[in-house]
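Take a look at the structure set out below.
Each chain gets a letter, A, B and so on, in the order the sequences are listed, and its residues count up from 1.
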Number of protein chains: 4
Amino acid sequence: MTTTQPTRRDGEATRQRLLRAALELYTTVGFRATTTPAIAARAGVAEGTIYRHFSGKEHLLNEVYRGAQHWGTAVVQETGGEAGVPGRLLQIARRLIETAARDAAQTRMLLRRRDEQHLDERSREAEREFRNALQGVVAAGRSGGVVRQGPAELWTDVWLALVAFIAERVGAREWPPEAPPVSMALDAAWDAIAAR
Amino acid sequence: MTTTQPTRRDGEATRQRLLRAALELYTTVGFRATTTPAIAARAGVAEGTIYRHFSGKEHLLNEVYRGAQHWGTAVVQETGGEAGVPGRLLQIARRLIETAARDAAQTRMLLRRRDEQHLDERSREAEREFRNALQGVVAAGRSGGVVRQGPAELWTDVWLALVAFIAERVGAREWPPEAPPVSMALDAAWDAIAAR
Amino acid sequence: MTTTQPTRRDGEATRQRLLRAALELYTTVGFRATTTPAIAARAGVAEGTIYRHFSGKEHLLNEVYRGAQHWGTAVVQETGGEAGVPGRLLQIARRLIETAARDAAQTRMLLRRRDEQHLDERSREAEREFRNALQGVVAAGRSGGVVRQGPAELWTDVWLALVAFIAERVGAREWPPEAPPVSMALDAAWDAIAAR
Amino acid sequence: MTTTQPTRRDGEATRQRLLRAALELYTTVGFRATTTPAIAARAGVAEGTIYRHFSGKEHLLNEVYRGAQHWGTAVVQETGGEAGVPGRLLQIARRLIETAARDAAQTRMLLRRRDEQHLDERSREAEREFRNALQGVVAAGRSGGVVRQGPAELWTDVWLALVAFIAERVGAREWPPEAPPVSMALDAAWDAIAAR
DNA sequence: TATGAATGAGTGTTCATTCAT
DNA sequence: AATGAATGAACACTCATTCAT
């Protein structure tokens, strides 16, 4: 038996539970409707405990948001290898969609476009990193002539809008992650930005 | 006598001002953050006056939402004529985008996908009407072989996701309605659903 | 029967009750310990009602404070006539002490030196007006040679410190307003600042 | 062996730091506004540590208060010698004012008249001791005919009210301890209670 | 029809105190 | 003796809704 650290009352677990509770609430009802009583109840702690780990509701939102953006950035960075740009985008989309099937909240948090007024500078920076990582892939496609002419930023956003749409459906359990509409919509996403 | 009833202190104007104020607030800050004090202040009436015209905040939201959906349905129905399906979709998109340039709120309200928990059955019905009207166009394209194989519903949603993306940019004044990115993205929207 | 105004629900009465409740609490337990539930309970209204009349606890404090300072200024201005400076100061002190006997809160609020961090600029200005009015009397005494040499401001503060001490005792019902200690202490207050 | 006990991890230092931190906070922001997080932070210990040394916030306040009163009593007792009553009072006042210049908190705590609701019986007793010690000096003056007729208690309070006023100014660094207003006000304090 | 004072449930946050370590 | 995570009651304040005018 490898005991898990001499335990020291472990406030880290509480922190994680709070982050998870907030993530789930934010992505289902939005920031305003996510109340501190609800977060605490879902995390199974007292309301005051939130403030031992975060300076406030907004701080908690930002931590959660940042986590999702970092994860998204990692997803982009981990793909690649021998695949060409279309294949790499497909890998990324598949990873996001698979995750959405298991954990709708995380993907939703990554792709959502809401409550931006409550995000701080570091969060926006994390978002930019994710976008830039993805845009790097698209720009490579543009250079290679497989992506349409025009700003890579535009095609990144177009492609992402469609992937977000698919992930939302999968996250909502309307589509299984391997169902035909997913593949069809992924084809459409590529065709939207592919050079003709 | 065709005059609008003379004696009635014409609360209709008040009603319209409330609808407009609510529309603008909903589309910028969301349902929860749209408070009755804010609606009343923006409409220039007392808070209690809201309840002369609507049974509550939720009722007001639904009226506003329904108005936008009906307008969207009308936009779809008014297009057509001799144009083929691609041309007709383009007409529709252009109408929505032009409106977004002049009045971001209306288009945003039509295309937004949020706060659905607060919508009543009639509102959902109005939304379905709009979707169906548009889907009729797309389905015609499918029958005509110009739209991809697969469910018309799917291609309607895909196309709409991209038009919503464009309208949002235009409504936020990031793109003028006639700027190149608009046309490019509209092309992409069509290519996403066009038969190859 | 002279009816008191067509009544129009009269929110002014509520405002006055809130001011009075706050005055009494502030002068007995201090600003921090004066809670909004306590103010509302003492005024016989709901807690939310406070915010219909004042922007917050701090605003309410300032209104109350200003009221006391204005009253103090009026007391100084209403005295005078044929009496010399010593007589005039005595008149002022007597008015303050009589009021303290009937209404300890008002005099306490006028003379208290606490919670200054919560006072706004207008309140400080009102305080300065009171001090200046009183200082005018003391300065006249200095010019007339009946008050000690040295800054009139200093002798104003010294005199006021002792009057505050007396008013506090009277307000606390430890001394009746006409009891010997009051007169003796008033003599002492004058002797403290009188030219020898 | 005169060494301070060697093994004990000397929590006495912690206790002193807590007393000092509390003293400084109480005298600047008051009892209610002095929070346990603030006390702990200023003392450089964890919040829970407070409860190793004191049963609660109120206990801590009382210890601090008692310390100040005992110090005040000692100041009174250490003066005297060949000086007459006026000289002795002046010595006392000077000691208090000098201390205020170096350590505003201690003198403020001795002379403050606030938060009495939180003081326990022993604290009130300590306060009475200080007052009595001082009153002994004043009573001696009365017997000797140099202090006014009337209760010694009254003249003690009058004199102390003015010394508190001076000490406050000095503690607030508005007056240097040797500046002319200090001497003038000290003269006034004596004249207030001196037999004519 | 319109008002706006009043309400009370609910919000985010603070803090004195406890307790396992 | 010391820590600091956890608690829950209390706080200042907001807001959707009601109702007398």
Worksheet, complete the sentence: With sequence neighbours left out, the residues meeting side-chain hydrogen bond (donor to acceptor under 3.5 Å, both in side chains) with B:E58 are none
Practice prompt. Would you indicate which nucleotide in E:dA2, F:dA1, E:dA16 comes nearest to any side-chain atom of B:T49?
Written response: E:dA2
Worksheet item: Any ring pair (Phe, Tyr, Trp, His ring centres under 6.0 Å) pairs touching residues 44-65 of chain D, not counting sequence neighbours?
Response: D:F54-D:H59
Practice prompt. Using the test salt bridge (Lys or Arg N to Asp or Glu O under 4.0 Å), find all partners of C:R113 that sit at least two apart in sequence or belong to another chain.
Written response: C:E116, C:E127
Worksheet item: How do C:V45 and D:E47 order along DNA chain E: which one's closest nucleotide is nearer the 5' end?
Response: C:V45
Discussion item. Within residues 25-35 of chain C, which residues have any heavy atom lying less than 4.0 Å from an atom of DNA chain F?
Written reply: C:T34, C:T35
Response to the item:
Dot-bracket assigned to DNA chain F with the 3.5 Å Watson-Crick/G-U criterion, [ ] for crossing and | for other-strand pairs, is .||||||||||||||||||||
Worksheet item: How would you list, by chain and number, every residue that makes a side chain to side chain contact (heavy atoms under 4.5 Å, CB included) with B:R114, sequence neighbours excluded?
Response: A:R114, B:R112
Discussion item. The criterion is salt bridge (Lys or Arg N to Asp or Glu O under 4.0 Å); which residues satisfy it with B:E168, sequence neighbours excluded?
Written reply: B:R108
Worksheet, complete the sentence: Residues passing the side chain to side chain contact (heavy atoms under 4.5 Å, CB included) test with C:A41, sequence neighbours excluded, are none
Response to the item:
With sequence neighbours left out, the residues meeting side chain to side chain contact (heavy atoms under 4.5 Å, CB included) with B:R52 are none
Discussion item. Of the listed nucleotides (F:dA5, E:dA16, E:dA2), which one gets closest to any side-chain atom of D:T36?
Written reply: E:dA16
Worksheet item: Mapping C:G48 and D:A46 onto DNA chain F by nearest heavy atom, which one lands closer to the 5' end?
Response: D:A46
Worksheet entry | Given DNA chain E, 5'-ward residue of the pair D:I50 and A:P37, judged by closest heavy atom | A:P37
Worksheet item: Counting only side-chain N and O atoms of C:T14, is one of them less than 4.0 Å from OP1 or OP2 of E:dA6?
Response: yes
Worksheet item: Got a sec, which residues hit side chain to side chain contact (heavy atoms under 4.5 Å, CB included) with D:R42, two or more places apart in sequence or on another chain?
Response: D:A21, D:E24, D:L25
Worksheet, complete the sentence: Residues at least two apart in sequence or cross-chain that pass salt bridge (Lys or Arg N to Asp or Glu O under 4.0 Å) with A:E125, listed by chain then number, are A:R128
Discussion item. So if I take every side-chain heavy atom of A:H53 and compare against F:dT3, E:dT14, F:dA6, which nucleotide ends up nearest?
Written reply: F:dA6
Discussion item. Between D:D115 and C:R32, does any NZ, NE, NH1 or NH2 come within less than 4.0 Å of an OD or OE carboxylate oxygen?
Written reply: no
Fill in: Worked verdict on B:R66 versus B:D120 for salt bridge (Lys or Arg N to Asp or Glu O under 4.0 Å)
CA-CA 10 Å; B:R66 224 133 55 204; B:D120 60 25; 3.1 Å; yes
Response to the item:
Within residues 56-63 of chain A, those residues having any heavy atom closer than 4.0 Å to DNA chain E are A:G56, A:K57
